[in-house]
Amino acid sequence: VIPVPPTSITDVDPTRLLGYGADLEENHPGYGDDAYTQRRADIGRAATEFAIRVRRAENEHESTIPHIQYTAEEDACWRDVLQTIKKKSQDLACPEYNAGLEDMLAALGPEATTRVPQLADVDKVLRSSPGQFRVRPVGGLLHPRSFLNALAFSTFHSTQYVRHPNEPFYTPEPDIIHELVGHLPLLMNETFADCVRHVGRASLLAPECDMWHLTKVYWYTVEFGVMHSKSVDRPLAYGAGVLSSIAELDNLAGALDNGVTFLPLNPYEPLPKISYNDGVQKFYVSVQSLRDMERKLHTFADFCENLYGQGVSLKTWRHLQS
Ligand code: H2B
Ligand code: FE
């Protein structure tokens, strides 16, 4: 079954949350911390109420993104993670990321390094950057179809709560630090933003049987991708899950010595199983440059649109090839 595809961001439902949407699981650092669970739920609810409001008004304005009064503890967590990642990323992130982070922080002003930035302010900065993305608040892990479809309309769903203070360098779910440090700096970059839009475009007409594959395309690029260019002797991170995790950055730093595998990006073929529990990735999918990735994903999204337009899934297409 091919669902009715959205024609604008207004058609994308931001209220379908998965996993940690309401309750925390046992392995969550905040499990059993009632005050934390409550805080997280309150911030999440504000995002969902925002979503319902704008859907009714059919007019999404940045000033209505909920303002969150972050606590001193939350600000301290942001400060610590930002400082650490800023240092590590000098050597381990792709240059476009470092430029994006610097530009984003400069545009947000000096307060941004010590206090959690407001999503409304970040939204303004992104909208006027070359990447032309916008952010929409969301209460937690969003359903993959809504999440991917929104990317086609240059919209990135972003959480607003902060991870649990006991584990500042680890979070099993997206939080605002992951979005701000991991995703948003590169969305300032036009070529990268185009890559993300392509993944979104590929998902618009996708039948249900291809959704998991497209989720993996997103996962192995935007979330965990690395760049291995011919002119640099080591892999550099561009994926948000690598950029916002100290363990991943350290793993990548030692990757060449430790025999970590790199696979070139091929979005047409089945991608390896996603493993969540090992702490770090066993292999990374690599691209040579953002340009290289943009070309590949552009062609891929065109291909998907055409295929889906004829009512054929990637799964069926692969089957017919063999
Ligand atoms: N939801 C939110 N809030 N942030 C994400 O980074 C995210 C998501 N990633 N939903 C999506 C799912 C991704 O893991 C794929 C598309 O399923
Ligand atoms: Fe992410």
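Just so it is clear, the model here is predicted, and its values are computed rather than measured.
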**Asked** Any chance the side chains of Glu173 and His28 put a donor and an acceptor closer than 3.5 Å?
**Response** yes
**Asked** If you measure only the distance, is there a donor-acceptor pair under 3.5 Å linking the side chains of Asn149 and Ser203?
**Response** yes
**Message:** Working to the nearest 0.5 angstrom, can you tell me the gap between Arg136 CZ and Ser158 OG?
**Reply:** 12.5 Å
**Request:** Scan side-chain atoms only and decide if Asn98 and Glu102 contain a donor-acceptor pair under the 3.5 Å cut-off.
**Result:** no
**Prompt:** Out of Leu17, Leu18, Val12, which one pairs with Ser146 under the side chain to side chain contact (heavy atoms under 4.5 Å, CB included) rule?
**Reply:** Val12
**Request:** Compute whether any side-chain donor of one residue and acceptor of the other, for Asp11 and Thr7, lie under 3.5 angstrom apart.
**Result:** yes
**Message:** Parallel, tilted or perpendicular: which one describes the rings of His183 and Phe156, with boundaries at 30° and 60°?
**Reply:** tilted
**Prompt:** Can we say Asp123 and Arg127 salt-bridge, meaning some charged N sits less than 4.0 Å from an Asp/Glu carboxylate O?
**Reply:** yes
**Message:** Once ring pair (Phe, Tyr, Trp, His ring centres under 6.0 Å) is applied, do any residues pair with Phe133, and if so which ones, sequence neighbours excluded?
**Reply:** none
**Item:** Polar side chain donor-acceptor pair, Asp33 to His164, under 3.5 angstrom
**Value:** yes
**Asked** Okay, side chain of Arg197, backbone of Ala152: is any donor-acceptor separation there less than 3.5 Å?
**Response** no
**Prompt:** ring pair (Phe, Tyr, Trp, His ring centres under 6.0 Å): which pairs involve residues 66-114, sequence neighbours left out?
**Reply:** none
**Message:** I need the full list of salt bridge (Lys or Arg N to Asp or Glu O under 4.0 Å) pairs touching residues 214-229, with sequence neighbours left out, sorted by first then second residue.
**Reply:** none
**Request:** Inspect the surroundings of CZ in Arg318 and state if more than 12 heavy atoms from other residues, nucleotides or ligands are less than 6.0 Å away.
**Result:** yes
**Request:** Using the test side chain to side chain donor-acceptor pair (under 3.5 Å), find all partners of Tyr284 that sit at least two apart in sequence or belong to another chain.
**Result:** Glu248, Asn251
**Item:** Under the salt bridge (charged side-chain N to carboxylate O under 4.0 Å, His left out) test, residues paired with Arg39 that sit two or more places apart
**Value:** Glu74
**Request:** Sequence neighbours left out, what passes ring pair (Phe, Tyr, Trp, His ring centres under 6.0 Å) with Tyr170? Give chain and number order.
**Result:** none
**Request:** Compute whether any side-chain donor of one residue and acceptor of the other, for Asp42 and Gln38, lie under 3.5 angstrom apart.
**Result:** yes
